[in-house]
Amino acid sequence: MALGDLMSSRFSQSSLVVVPNHSDDCVSSTHEDSDLGSHRRDSEAASGSYGNAAVSATTTSVAYLPQMVVLCELRHETFGAFVPTGPSESGLVSKWRIKDRMKTGCVALVLCLNISVDPPDVIKISPCARMECWIDPFSMATQKALESIGKSLSSQYERWQPKARYKCQLDPTVDEVKKLCTTCRRNAKSERVLFHYNGHGVPKPTSNGEIWVFNKSYTQYIPLPISDLDSWLKTPSIYVFDCSAAGMIVNSFIELHEWNASSSAGSTRDCILLAACEAHETLPQSAEFPADVFTSCLTTPIKMALRWFCTRSTLLGSLDYSLIDKIPGWPNDRKTLLGELNWIFTAVTDTIAWNVLPHDLFQRLFRQDLLVASLFRNFLLAERIMRTANCSPVSHPILPPTHQHHMWDAWDMAAELCLSQLPSLVENPNAEFRPSTFFTEQLTAFEVWLDHGSEHKKPPEQLPIVLQVLLSQCHRFRALVLLGRFLDMGPWAVDLALSVGIFPYVLKLLQTTTPELRQILVFIWTKILALDKSCQVDLVKDGGHIYFIKFLDSMKAHPEQRALAAFVLAVIADGHRRGQEVCVEAGLIHVCLKHLQSSSPNETQNEPLFLQWLCLCLGKLWEDFTEAQIIGLQADAPSIYASLLSEPQPEVRASAVFALGTLLDLGFDSCKGVGGDEYDDDEKVRAEVTIVKSLLRVASDGSPLVRAEVAVALARFAFGHNKHLKFVAAAYWKPQTNALLKSLPSLAHIKGSSGNYPSQNQHVPHGSIVSPQIGPILRVGNDISSVVQDGRISSSSPLANSGIMHGSPLSDDSSHHSDSGILGDGLSNGGLNHSVLTPLDNALYSQCVFAICTLARDPSPCIANLGRRVLSIIGIEQVVAKPLKSSGVQTGEPTTSNLSGLARSSSWFDMSGGHLPLTFRTPPVSPPRPNYLTRIRRVYSLEFRPHLINSPDSGLADPLLCSGLTSGPSDRSFLPQSTSGPSDRSFLPQSTIYKWSCGHFSKPLLTAADDSDELLARREERENFVLEHIAKCQHSAVGKLTNPVAKWDIKGIQKTLLQPFSPIIIAADENERVRVWNYEEATLLNSFDNHDFPDKGISKLCLVNELDDSLLLAASSDGNIRIWKDYTLKGKQKLVTAFSSIQGHKPGVPSLNAVVDWQQQSGYLYASGEISTIMHWDLDKEQLVNPIPSSSDCSISALAASQVHGAQFAAGFVDGSVRLYDVRTLEMVVSELRPHTPRAERVVGISFQPGLDLAKIVSASQAGDIQFLDIRNQRGAYLTIDAHRGSLTALSVHRHAPIIASGSAKQIIKVFSLEGDQLGCIRYYPTLMAQKIGSVSCLSFHPYQVLLAAGAADACVSIYADDNTQAR
């Protein structure tokens, strides 16, 4: 299968398969967005659901078990951990890129042949090898032969490096050699010099490391020390010594370099040596070889290899040697016989070297310098041939033996095929040349490795051959597909491919226009750039970005594949100004916006990955690049992005927020005036308003990924509008006029400090950014006219006398800028100072401040930290409340005149409605007293909460902020001199969505996860277990259920939960300490705090993905949801996600008393509390579907979602009423009953009855009555149990067994059947051995066994079973 088909089939698979919940219409459930169309379709099915009374406890099948799995994506695996590394520029990737490419610029050839005179230490045999450079020196005059050999050697080297300068010295003297060497070094400059020495006419080198040359009259041999040679040629250099005992020279060179290295601190010299034989060996003299067999192997390898092969082949008798010189074709033309042989030889020798050498040595010898690479390839051949003549060529650096490598067999086969065709090809030039099957076979071998290989096995030895195959058009597509499969195995595979030298090949292929290669090339470049971002420079330099822009704009490619092109372009632009410029010039902004604009939910182009990377690509184009931002704003980018903020995938929403945030960079002072002629200030302001409003829409998104990006974007906005946001903050400290209140509609309900809040049923619509959790803004007296005059604080005020409160690390240094200047000037001129930016609407600024404060109280610790950093940018810092004894403040009486004076230094927001143990303060608006400017800066903070007034001063939450509040000289050095300086940008929080998203492409994209079979097997095993135990629950008799099988003495338990497949109980106390026990072994498995905020209280514990890898959902009483994984492992629990489930609630409510339930069938979470709506969340999308009106003036006190029918849930209210909801219907409310009249006390517990009947509900009120309801009967309850008189505190209904349990404040638990019969009663008996319980705070049944867990508020946690169960 081609890679394209693989990609299409892989990408077309959804990451989530939702199996239909039910088999018939009456219980069908949809998982669609609640648009009008889906409402109409579903309402018909839903309306029929409740009229069918035949649905009862029928046999349960697998179809009724929840099939949905949520919160198991990559973003949940890494939540709260380090962001996956994006494209890197160091470490692993630094090894493959050749640091210093080199070129051999000069070649010095020294031939000491002295033809016709044999050296004294050599006794030649007869017949003897005579050929030098394939020339017989005795076939012509001596001088002519010498010159011919010199020219021939020069031309042979030119074949490998045609651009080098060649200089030859024939039978030279020492002076001539010196002149040659110094001239070559001068000409080569810093390039490499090659020195070739042929010493066939002189004695062997001496043991002192001297080679021989001649005197002028050729009467003497003159020694030439290699130290002199080294000093003339310097470095870098490469030496070839073709003479007997050449290893002696290599040894001397090594000793010389070691001595030089030890005597000087300099680095070792870049010196490479190739020698014909070992120190004790003599060159072969057999006539079957040329005399310079070593040189012939190095400079004419194909000819030498074929001649040598002929002597050992079956073709020996039938082939004439002379035909080898007549092989048709050219070495560089791979379509000819000679070209193909050269191509195969290169592939074979490269492969041998790649598999034998260390990678760094391979890089140096085979990739750094073209001539050196050719010589070392040919050196491998020399070793193979010369070892058959008992001669071992030597090199420095030393290479391991390669003469017996099995790849030589592949070469021999190719050579034999060539030679067998040679006679007919020479005889008939028009005869058809039959190509070798070498490359096809090697690609097949590579494919076999891909099917069975892995990172932990030996790397594929064919990788260098794949690289060579890319040169051939006929094999290219297959090679690229296989290469793509290899790169997909992981970063290690990409690094291997880059190390072997793949990069220049795939870079050059971007110049091709072949359509079928586009998809696979984009895929390969995705894998390369996912590992190494530095390749962006090469792509821009070669114009490669155009290739990817065209592919991105092509409608023929699958959107998931075009997402790869968007990723490549994003990396090109990432932190690379030239990359941004060329992409903008090529029109990439308009291409991306066009595809974003055209995407709609009904189009196939609306692929999440494609949308995500279009957003990220645009964000990287706009990042710190004003010209690109202006183009985006002119193209109405903010409006286009607004629709993306409601996309179902959190990654898309987060990427859209990131892109919008980069457009806010226009708020920086550094951008002022740039492009001003093209884009005026009014348009900038309108664009910023649109962007900020869009950001505020998703400030309370269900995904931490999105909220993190909102915090980063708002930080940029706050940085650019620093002074205006401070002004809005300061405005709250002056008397609130009606005009100001009207200009701040979001705060219109605040009148001074009277604390008038909206009425009980007032609902802030979904999407409103004003978080009513924040509470009263100012809790001080109204009489502050004597303190604040024209926006300044009078010198007589306690604030001015007591000291000053300086701003945040990014607030203005008071010696340069004072907020009071802005306030004073702004007020006196009737408007704000426009020195930095045109201010936006004050209402928008106030909404931004509220949104930032909401983020600072986020249930996710990392988001809260980001929010606090943003608050510090606008001058609101977290401080711990201190007692102010000198001011005479009385707790809870903040209306004295002294207090009004201290209003400026008191906390701006009372976060008690929130969750921080700290309070917030604002920067000063009054000019600080001069005597405090020099050294001491005091901070006074006042919080009017009794339990915080006396709390110890533990410093600031953020060490960075804390360091800005130290007194002494160090303080001044910390504070920046100006809020708009470029250095301040380093404090801004950085976006993480881009790097996080890059991690996707480092993982395998073409293959599914290996553990899918294991997961399916476990799921099937659990389903069988569940079905078996459900049947037991439904049909077996239930006993008294009064036998305590386990007990732990823990006080304050609020919620308990039994795990379905392990003997584990989970309990949470009033301080939200979660404990996990194994009740069979009576051991504590884990214990951890749900959060560190001061306001505690747990409202719900339940399991998410119960039948798979279950997650623990812990809902706090303030509506914050935290979901944990690995919660049973000691100290290893991890937060998967966290969000605030209740939005739009009334400000100042001390406790929301949130009620929450989770519905696995649909993936929905329902939450409510002291609000008039029920929040309907989709946890798969991590998105609020819609707030459902509760249709009641009262708040909800109990909530239960059906666990067998998706989309239905029941709610009990504080007035005793009960309502059933179906989210598939238009009106939502299906039925409304008032079963708890006339007492009408709050509903404490509500639940669906066991079985599959969605119409039957059990409801219990605080008055003690338990009502059995059938919503098809509107007249009331069909069964009533008076279980407890006025003290019912808990209710639990078994999911499948026909039993219910209730608990009271009077230390009694009662167990009833569905017919109303009391099966058992558990109470406190004043006996020595009796079970002791306190006021019952919670009850919960095991989902598939008859076990009851009970939590008592002041005593213990117990588990009860029937009387047959052994106690533990």
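For the numbers below, each heavy atom of this structure counts, side chains included, while hydrogens, waters and symmetry mates do not. Treat the numbers as computed from the prediction; the structure is a model and nothing was measured. When a residue number appears, it is its place in the shown sequence, counting from 1.
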- Item | salt bridge (charged side-chain N to carboxylate O under 4.0 Å, His left out) assessment of Glu623 paired with Arg716 | CA-CA 12 Å; Glu623 200 169 44; Arg716 298 186 182 205; 3.8 Å; yes
- Message: Determine whether Leu645 and Leu660 satisfy the following criterion, side chain to side chain contact (heavy atoms under 4.5 Å, CB included), listing intermediate values before the conclusion.
- Response: CA-CA 10 Å; Leu645 298 178; Leu660 286 172; 4.1 Å; yes
- Message: Working note: Glu651 + His1000, criterion side chain to side chain contact (heavy atoms under 4.5 Å, CB included); need CA distance, chi angles, decisive distance, verdict.
- Response: CA-CA 11 Å; Glu651 293 89 349; His1000 169 77; over 6 Å; no
- Message: Under the criterion side chain to side chain contact (heavy atoms under 4.5 Å, CB included), I'd like the reasoning laid out for Val1223 against Val1185: C-alpha separation, chi angles, the key distance, then a yes or no.
- Response: CA-CA 10 Å; Val1223 298; Val1185 180; over 6 Å; no
- Task: Start with the C-alpha gap between Phe658 and Trp996, add the side-chain angles, then the distance that decides, and say whether ring-ring contact (aromatic ring centres under 6.0 Å, His included) holds.
- Result: CA-CA 12 Å; Phe658 164 71; Trp996 182 88; over 10 Å; no
- Task: Given side chain to side chain contact (heavy atoms under 4.5 Å, CB included), test Leu618 with Thr662 step by step and report yes or no.
- Result: CA-CA 9 Å; Leu618 280 171; Thr662 56; over 6 Å; no
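In terms of modelled atom types and a separation under 3.5 Å, the side chain of Asp488 and the main chain of Leu1006 share a donor-acceptor contact. The backbone N or O of Asp701 lies less than 3.5 Å from a partner atom in the side chain of Arg707, making a donor-acceptor pair. Listed for the Glu709 side chain is a donor-acceptor partner under 3.5 Å among the backbone atoms of Thr992. Gln536 places no side-chain N or O within 3.5 Å of a backbone atom of His576 that could act as its donor or acceptor partner. Side-chain N or O atoms of Thr690 include one that pairs as donor or acceptor with a backbone N or O of Arg686 at under 3.5 Å. A distance-only check finds a donor-acceptor pair linking the side chain of Asn1105 to the backbone of Val70 [under 3.5 Å]. At distances below 3.5 Å, not a single donor-acceptor pair connects side-chain atoms of Gln519 with backbone N or O atoms of His558. One N or O on the side chain of Arg697 and one on the backbone of Ala642 form a donor-acceptor pair closer than 3.5 Å.
In this structure, the side chains of Val568 and Leu564 stay at 4.5 Å or more apart for every pair of heavy atoms. At a threshold of 4.5 Å between non-hydrogen side-chain atoms, the residues Leu1184 and Asp1178 do not count as touching. Taking 4.5 Å as the limit, some side-chain heavy atom of Leu463 sits within range of a side-chain heavy atom of Phe446. Residues Tyr505 and Gln468 meet the side-chain proximity criterion, which asks for heavy atoms closer than 4.5 Å. Side-chain contact between Arg562 and Met555: present, with at least one pair of heavy atoms (C-beta onward) separated by less than 4.5 Å. Between Phe523 and Leu1005 the shortest side-chain heavy-atom distance falls below 4.5 Å. Annotation: side chain of Ile993 is not in contact with side chain of Cys615 (no heavy-atom distance under 4.5 Å). In this structure, Trp622 and Gln580 have side chains that are not in contact, with every pair of non-hydrogen atoms separated by 4.5 Å or more.
Closest approach of Leu569 and Cys617 over heavy atoms only: CB-SG, 3.8 Å. Scanning all heavy atoms of the two residues, the minimum distance from Gly702 to Thr1137 falls at O-OG1, 4.1 Å. When all heavy atoms of Phe610 and Leu552 are compared, the closest pair comes out as CE1-CD1, 3.6 Å. Here the closest non-hydrogen pair linking Ala715 and Leu988 is O-CD2, 3.6 Å. The two residues Val712 and Pro989 make their nearest non-hydrogen contact at CG1-O, 3.5 Å. Minimum heavy-atom separation, Val540 to Gly579: CG2-CA, 3.7 Å.
Between Leu498 atom CG and Lys527 atom NZ the span is 13.0 Å, to the nearest 0.5 Å. Note that the CG atom of Leu487 and the OG atom of Ser1002 stand 12.0 Å from one another [nearest 0.5 Å]. Note: Leu507 CG to Lys541 NZ = 9.5 Å, rounded to the nearest 0.5 Å. Between the CD atom of Glu73 and the CD atom of Gln649 there is a distance of 9.5 Å, given to the nearest 0.5 Å. One distance of note links CZ of Phe477 with OG of Ser472; it measures 14.0 Å at 0.5 Å rounding. Taken from SG in Cys535 to CG in Asp532, the straight-line distance is 4.5 Å, to the nearest 0.5 Å.
Between Phe548 and Trp525, the ring planes are perpendicular. Angles over 60° get that label, and only those under 30° would be called parallel. Classified by interplanar angle (parallel below 30°, tilted 30° to 60°, perpendicular above 60°), the ring pair Phe439/His475 is tilted.
The existence of a salt bridge linking Glu1182 and Arg653 is excluded, since no basic side-chain nitrogen approaches an acidic carboxylate oxygen closer than 4.0 Å. A salt bridge links Lys594 to Asp553: one of the charged nitrogens lies within less than 4.0 Å of a carboxylate oxygen. Taking a cutoff of 4.0 Å between a charged side-chain nitrogen and a carboxylate oxygen, Arg476 and Glu516 do not qualify as a salt bridge.
Around CD of Gln473, the count of heavy atoms belonging to other residues, nucleotides or ligands within 6.0 Å does not exceed 12.
Thr444 and Arg478 share a donor-acceptor pair across their side chains, judged by distance under 3.5 Å alone.
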